[in-house]
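We name chains A, B, ... by the order of the sequence lines, and we start the count at 1 in each one.
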Amino acid sequence: MAQAGLVGGALTVNWCLEVLTDFLKDLNEVQRNAVIATKGPVMVLAGAGSGKTRVITYRIAYLINNEGIAPGNILALTFTNKAAGEMRHRVDTLLHKGSSSGLWIGTFHSVFARLLRNYIDLIGYDSNFSIFDSDDSKSLIRQSMGELNISVDAVPVNTVQGIISRAKNSFILPAEFHSNASDYNQQKASQIYELYTRKLKENNALDFDDLLIKPIELFNARPEILAELQDSFRYIMIDEYQDTNKAQYLVAKMLGAKHRNVFVVGDDAQSIYSWRGADISNILNFQDDYHDALTFKLVENYRSTGTILKAANSVISRNQRQIKKELISHRNEGEPLTLIEAYNERNEAEKVGEHIRTMRLKQDYEYRSFAIFYRTNAQSRVLEDIMRQHKIPYKIFGSVSFYKRKEIKDAVAYLRFILNERDGESLLRIINFPPRKIGDVSIGKLKEFAEENGISFYDAIRRAEEGGFQARLVTALGSFSTVIEALKDLAESGTVYDVLSELFNLTSIPLLLQAENTPESLARNENLQELLSMARDFSDHNPDNGSLGDFLENISLASDYEETQDSDNYVSLMTVHAAKGLEFPVVFVTGLEERLFPLHCYEPDELEEERRLFYVAVTRAQEKIFLSWAQSRYQYGQQHYCLKSMFIGEIDASIIQTESGVLLSDRPEKEKPVGSGLSSSKGYQPKMATPSSPFAAADKSNLSKSGLRAGTMVHHALFGPGTVLDVQGTGAKQKVRITFRNTGEKTLMVQYANLKIQS
DNA sequence: TAACTGCTCTTTTTT
DNA sequence: AGAGCAGTTA
């Protein structure tokens, strides 16, 4: 614009108009209005597939190109790295290449980690702080509980971690938590929270939640920093606003307070992170904070067929708490949904694989057109097995993360410790890895020595010869600290790659794994080599080769690791949570069973969130949806009998067909669901259908003299109507697990329960 | 100190 | 079913 301005006024106007029309012609009217409303607070309620990402990216491009805003003045916050990368990429495509450099696009966590590197020394941390993942933080909580003599058996560490995390996400600091702690348990939790916080600081470490709340503490302590940042971030955009928690809400509000150009996009119907402290009222109450906020509603859906939207609308309409809006289709009706009914999870996976194969051959779909969703990560395993067996290329997103593997965590712990020698968690990981004969006893002695002399644990190691330890231990500690010191020196001058390869040299970890020569150890070694090549990539693709700190930050905050694939044509496997924001031509939603999806429904609110999750799954699909459930499934190493998910019944039976193409609405009532699925399945001959199969055995064991079996509808005098989930044992001791419509799940003794069977 | 054994607990979902 | 842990033994 500035250049055009030099040439002359008329030209400027023409050029601008051209760019303007160019830009905005791809948008509908509401989208366009949202894009050009650049001043003041704006909220966009964007239904699934209504072009939400498009609006944000066009707005960024419009700000840069048409309003001449410097990219550095724009802050765009997302929830996943994937979304951030996608957004940056799209802005780059929209403008000319490189336009996005200088833009602040990232997840809340990564953006604030970056900011904290610059300012955290002002609130008493060193800028080389470590970022603790949830395992690290769990271990620190366990330590804290130990020191407070609180038994881990009495209160599980996971529970405590959840309580602390929820407090942090609601920006309740230890002092406030303490003064609100009414009962005994809360007082205990408060003590742990306080000690845990202190320990984090001793370790010069932040946990994930700290990345959100430390900025708030910083802004409160140093208003001048806040003022500085408010002026840098003149335009703030937040994606998936329905999933922000209190801390995120606060930090965004603070940053936007001066210029008030806060632009939030969200969909209350897709709020699926309340368990992480996400507060749907942030979006519902946006206008209370900004009375002059403009609101736009995007309901035109460009993604899915009419049938898919009909299904989605009908599902979400059952929720009480929602802003009513129906998505309007811009595509043809499309095909009905297909219901897959299977014996068990293996059979389910087989059928999914079979459908992928035939659709690819007969209908010209590519592997990349398909996505398979599941509710829990544990379900991915069978699917993965079957895909591999059938030679279908696939990729699992965000499963057991690459970075959570032991060997990777060990290597990363070295790197973390080199950078931050107060990081005790990392030190404990590596001090005896590879084995140096430094066990718990020696560590205890060292700790004592450190405390007596008021020095740090690592200083105690460095000064081990003064401690009067056994010569063998002193030698071991000496060789350990030699390695660390050498690596520290190298970290000053060399690249991340240099440090990592020298680490492998000095410790011989790869050699040890090779020598072990088991399939597992060789796989571990391969993972380490993969890490090494990632380090090389990182050095190559970053200015000044990138710092070790940045490398570690990427690793800590990366959710999924992009495994190098031979091609990019593969079937995608992921949890429904991970699927948010994505779209695929063909979608399989698997495991649609009561107690799996929906997972647990103790509270109506929880059921509504599960339903929103199902809504997210359905609205990912562009052309075709398969819904599948299995009659039995292994969970916790035990076989369970399943009931069809209520969600299937919430879709009009006239738009669902069986695998043989019969609409559910036309199917005779009497026909057994699984029976019909079986008789019509051609390709797969179930191995399980032999008398010795678990399936057949189930029929025997589950049928009892009482006439109760999984699926039986019963009535209890006190608890009312319910459905039998499973039957355990026989005779007088027979117990039955029932999910009651009103009171939830109960296990009852058959002989006392006095159940009436409903026909 | 490390290897072995039997026990418990897990599974929501993610940064 | 599998991982992780405490307690025991070599």
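Out of B:dT15, B:dT14, B:dA2, the shortest distance to the side chain of A:Y273 is found at B:dT14. Side chain of A:H109, nearest nucleotide from B:dT14, B:dT1, B:dT15: B:dT15. The side chain of A:T107 sits closest to B:dT15 out of B:dT15, C:dC5, B:dT14. Side-chain proximity of A:H577 to the nucleotides C:dG2, B:dT14, B:dT1 is greatest for B:dT14.
Going from atom CZ of A:R611 over to atom C1' of B:dT13 covers 18 Å, rounded to whole Å. If you take CD of A:Q638 and P of B:dT10, they are 14 Å apart, rounded to a whole angstrom. Atom pair A:I213:CD1 and B:dT15:C1' shows a separation of 14 Å (rounding to whole Å applied). The nearest whole Å value for the distance from the CG atom in A:L596 to the P atom in B:dT11 is 15 Å. One interatomic measurement links the two molecules: OH of A:Y374 to C1' of B:dT11, which rounds to 14 Å at whole-angstrom precision. The distance from atom CZ of A:R346 to atom P of C:dA1 is 14 Å, rounded to the nearest whole Å. Distance, A:R276 CZ to B:dT15 C1': 5 Å, rounded to whole Å. Taking atom CD of residue A:Q635 and atom P of nucleotide B:dC9, one finds them 19 Å apart after rounding to whole Å.
Checking A:A378 against A:Q470, the closest nucleotide of DNA chain B that is more toward the 5' end is the one next to A:Q470. Heavy-atom nearest nucleotides on DNA chain B were determined for A:L473 and for A:L613, and the one closer to the 5' end corresponds to A:L473.
Side-chain N/O atoms of A:E553 and A:S556 include no donor and acceptor closer than 3.5 Å. No hydrogens or angles considered: nothing links the side chains of A:K246 and A:N169 as a donor-acceptor pair under 3.5 Å.
Nucleotides C:dG4 and B:dT13 place their P atoms 16 Å apart, quoted to the nearest Å.
Between A:F597 and A:F647, the ring planes lie perpendicular to each other; the angle is over 60°, past the 30° to 60° tilted range. Between A:F626 and A:F588, the angle of the ring planes stays under 30°, which puts this pair in the parallel group of the 30/60° scheme. Aromatic ring pairs are classed by plane angle as parallel below 30°, tilted from 30° to 60° and perpendicular above 60°; the pair A:F584 and A:F373 is perpendicular.
Across all strands, A:N432 comes closer than 4.0 Å only to sugar-phosphate atoms, never to a base (heavy-atom distances). Looking at heavy-atom distances under 4.0 Å, A:N158 makes contact with sugar-phosphate atoms alone, never a base. Across all strands, A:S134 comes closer than 4.0 Å to no nucleic acid atom at all (heavy-atom distances). Among the heavy atoms of the strands lying under 4.0 Å from A:F79 are primed sugar atoms or P, OP1, OP2 only; no base atom is included.
Distances shorter than 4.0 Å separate none of the side-chain N or O atoms of A:S110 from OP1 or OP2 on B:dT15. Neither OP1 nor OP2 of B:dT15 sits under 4.0 Å from any side-chain N or O of A:N81.
The pair A:R276-A:D243 fails the salt-bridge criterion, with no side-chain N (NZ, NE, NH1 or NH2) lying under 4.0 Å from an Asp/Glu carboxylate O.
For the pair A:W275 and B:dT13, the ring geometry qualifies as stacking, because the centroid separation is below 5.5 Å while the planes lie within an angle under 30°.
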